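Okay, structure first, notes after.
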Amino acid sequence: MWRRSLSAGCRCFGFGSIGAKRRGQFHSLHTCSPPALPVGRITALQALEFWKKHFEESGVTEPDLSSHYIVAHSLGGKTIESLEQRKLTEFLSREKTEQIWKLCTKRLSRMPVQYVIQEWDFRDLTLTMRPPVFIPRPETEELVELVLTDLKNKPSSGDTVQTCLEVGCGSGAVSLSLLSSCPQLQVVALDRSQEAVELTKENASRLKLQDRIQIHHLDFMTEADEACSRCSPVSVLVSNPPYLFSDDVKTLEPEILRFEDPFALDGGSDGLTVIKQILTVAPKILSDRGGIYLEVDPRHPPLIQQWVEANVAELRYVETRPDINSRPRFCVLQKKQRELDVK
């Protein structure tokens, strides 16, 4: 299966640097009308070059990648490189030309490519994507790898069922990726967004993973008791929660501000509002020695460690793990074993 590269393919196309939910340089918007359809017939390569230039002139970020992915998708591929040269040099049908113009016009409005083509790769899965559900970034692929490594290193018998709770499932990227790699895993996934819940269900069904996941429309901030009754006990809690500082949200690219759910981004004044709630409730949900895996802002790990040590006696801060760019990105915690069970 052709897979988009991590260095380019998992970008949000307008988010700035690769991946993370972090601050980016705000780009000014240029208002312009979409170009008219060409009078004569053109090839895919000509359409690609035309739209690359038009995106550049209109101030659309990553114009080259944007045009490449849209044209490739319209021709039935994931990348231009995956297509036969013949497909690129033969004349497009009128219907195919109209499709490319329609999709590129959406990108011209600053809609992220993932929403334009309505799919994206996450690890070895291809997920359906729709606004306003949060688009998974490559750092979150690393979060999945971290959880998988620890799950596989835990001693267990071959028929032991492992359980996981994901808080804020979005498109289902994390939960479904974990399920696809762990045949003995059962997952409960929660999200406050009905659109996210429906999209996770759709992706689970399409990937034939629906039998091992329960998906609930729940707001973890206001329905924690309900979450506990539906979920506990679990051996793993994983989350890529909203962790942006509220002041940073204002600096995001128009692709994000216009199209992605702000509740999946804004973590409050210090970025820790949802994270603190997760850590407060976690001891009620986790089994003894159960693990917590969080993707956070690089400024957060020391703040989280200090806060947990002062406020949640049942949890132990285990370690901070870096992302591929050596930024402190992931927090690993563990529920302490109950003293009554210690021999």
Side-chain angles (χ1 to χ4, degrees), residues 10 12 15-25 134-150 164-170 173-174 190-192 219-221 224 227 236-253 256-257 260-283 285-286 290-336:
C10 290
C12 190
F15 193 77
S17 183
I18 296 174
K21 276 189 294 190
R22 66 177 182 81
R23 291 169 292 173
Q25 181 182 357
F134 182 73
I135 299 168
R137 272 65 166 180
E139 278 80 355
T140 309
E141 295 194 9
E142 298 177 62
L143 176 66
V144 171
E145 293 291 346
L146 174 60
V147 176
L148 286 174
T149 299
D150 285 3
C164 174
L165 166 65
E166 183 184 9
V167 178
C169 57
V174 171
L190 312 177
D191 205 291
R192 65 173 300 281
D219 187 339
F220 204 75
M221 294 298 296
V236 171
L237 189 159
V238 62
S239 185
N240 174 21
Y243 59 66
L244 284 180
F245 292 59
S246 293
D247 285 345
D248 293 342
V249 173
K250 305 167 189 174
T251 71
L252 295 175
E253 301 279 1
I256 300 172
L257 290 174
E260 291 196 74
D261 183 0
F263 289 103
L265 298 162
D266 193 337
S269 61
D270 59 0
L272 291 172
T273 300
V274 178
I275 292 171
K276 288 179 179 178
Q277 173 74 349
I278 290 172
L279 296 174
T280 298
V281 178
I285 293 178
L286 287 170
I292 304 172
Y293 301 84
L294 301 174
E295 179 181 328
V296 301
D297 185 279
R299 294 167 285 182
H300 279 150
L303 301 176
I304 291 173
Q305 182 171 1
Q306 293 168 13
W307 187 85
V308 167
E309 290 173 352
N311 294 280
V312 191
E314 303 97 323
L315 296 181
R316 178 174 70 91
Y317 192 94
V318 177
E319 63 178 322
T320 303
R321 297 275 190 96
D323 62 22
I324 196 171
N325 296 306
S326 300
R327 296 170 297 194
R329 177 66 64 187
F330 310 108
C331 295
V332 182
L333 301 95
Q334 185 180 56
K335 182 180 177 180
K336 297 176 182 177

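As the structure is a prediction and not an experimental result, all values here were calculated from the model.
Side-chain atoms of Val147 and Glu166, non-hydrogen and from C-beta on, never get closer than 4.5 Å to each other. Using a 4.5 Å heavy-atom threshold, the side chains of Tyr317 and Cys331 count as touching.
Nearest heavy-atom pair across Pro241 and Val274 is CB-CG1, 4.1 Å. Minimum interatomic distance between Pro283 and Lys335 (heavy atoms only, all atoms of both residues): O-NZ, 2.8 Å. Taking both residues in full, the closest heavy atoms of Asp323 and Glu139 are given as OD2-CG, 3.9 Å, listed atom of the first, atom of the second, then distance. Here the closest non-hydrogen pair linking Met221 and Thr273 is CE-CG2, 3.7 Å. Counting all heavy atoms, side chain and backbone alike, Tyr293 lies closest to Gly291 at CE1-C, 3.9 Å.
The line from CD1 of Ile275 to OG of Ser239 is 8.0 Å long, rounded to the nearest 0.5 Å. Distance check: Thr320 OG1 to Arg327 CZ gives 15.0 Å after rounding to the nearest 0.5 Å. Between the CZ atom in Arg329 and the CD1 atom in Ile324 there is a gap of 12.5 Å [rounded to 0.5 Å]. In this structure, the separation between CG on Asp261 and CD1 on Ile256 is 12.5 Å, given to the nearest 0.5 Å.
Residues passing the side-chain contact (heavy atoms from CB on, under 4.5 Å) test with Arg321, sequence neighbours excluded: Leu146, Asp150, Glu319, Phe330, Val332. Every residue meeting the side-chain hydrogen bond (donor to acceptor under 3.5 Å, both in side chains) condition with Asp266, not counting sequence neighbours, appears here in chain and number order: Ser246. Residues meeting the side-chain hydrogen bond (donor to acceptor under 3.5 Å, both in side chains) test with Thr140, sequence neighbours left out: Asn240, Glu295. By the side-chain contact (heavy atoms from CB on, under 4.5 Å) test, Phe220 pairs with Val167, Leu190, Ala227, Gln277, Ile278, Val281, Ile285, sequence neighbours left out. Looking at residues two or more places apart in sequence or on another chain, you find no side-chain hydrogen bond (donor to acceptor under 3.5 Å, both in side chains) involving Thr280. In this structure, the ring pair (Phe, Tyr, Trp, His ring centres under 6.0 Å) partners of Phe245, at least two apart in sequence or on a different chain, are His300.
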Distance-only criterion, 3.5 Å: show the donor-acceptor pairs between side-chain atoms of residues 301-315 and protein atoms not counting sequence neighbours.
unit_1	atom_1	unit_2	atom_2	d
Gln305	NE2	Glu309	OE2	3.3
Asn311	ND2	Trp307	O	2.8

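The backbone N or O of Gly170 sits less than 3.5 Å from a side-chain atom of Asp191, completing a donor-acceptor pair.
For residues 273-282, the set of pairs meeting the salt bridge (charged side-chain N to carboxylate O under 4.0 Å, His left out) definition, not counting sequence neighbours, comprises Asp270-Lys276.
Screening Leu252, Thr251, Leu265 for a side-chain contact (heavy atoms from CB on, under 4.5 Å) with Leu257, the sole residue that qualifies is Leu252.
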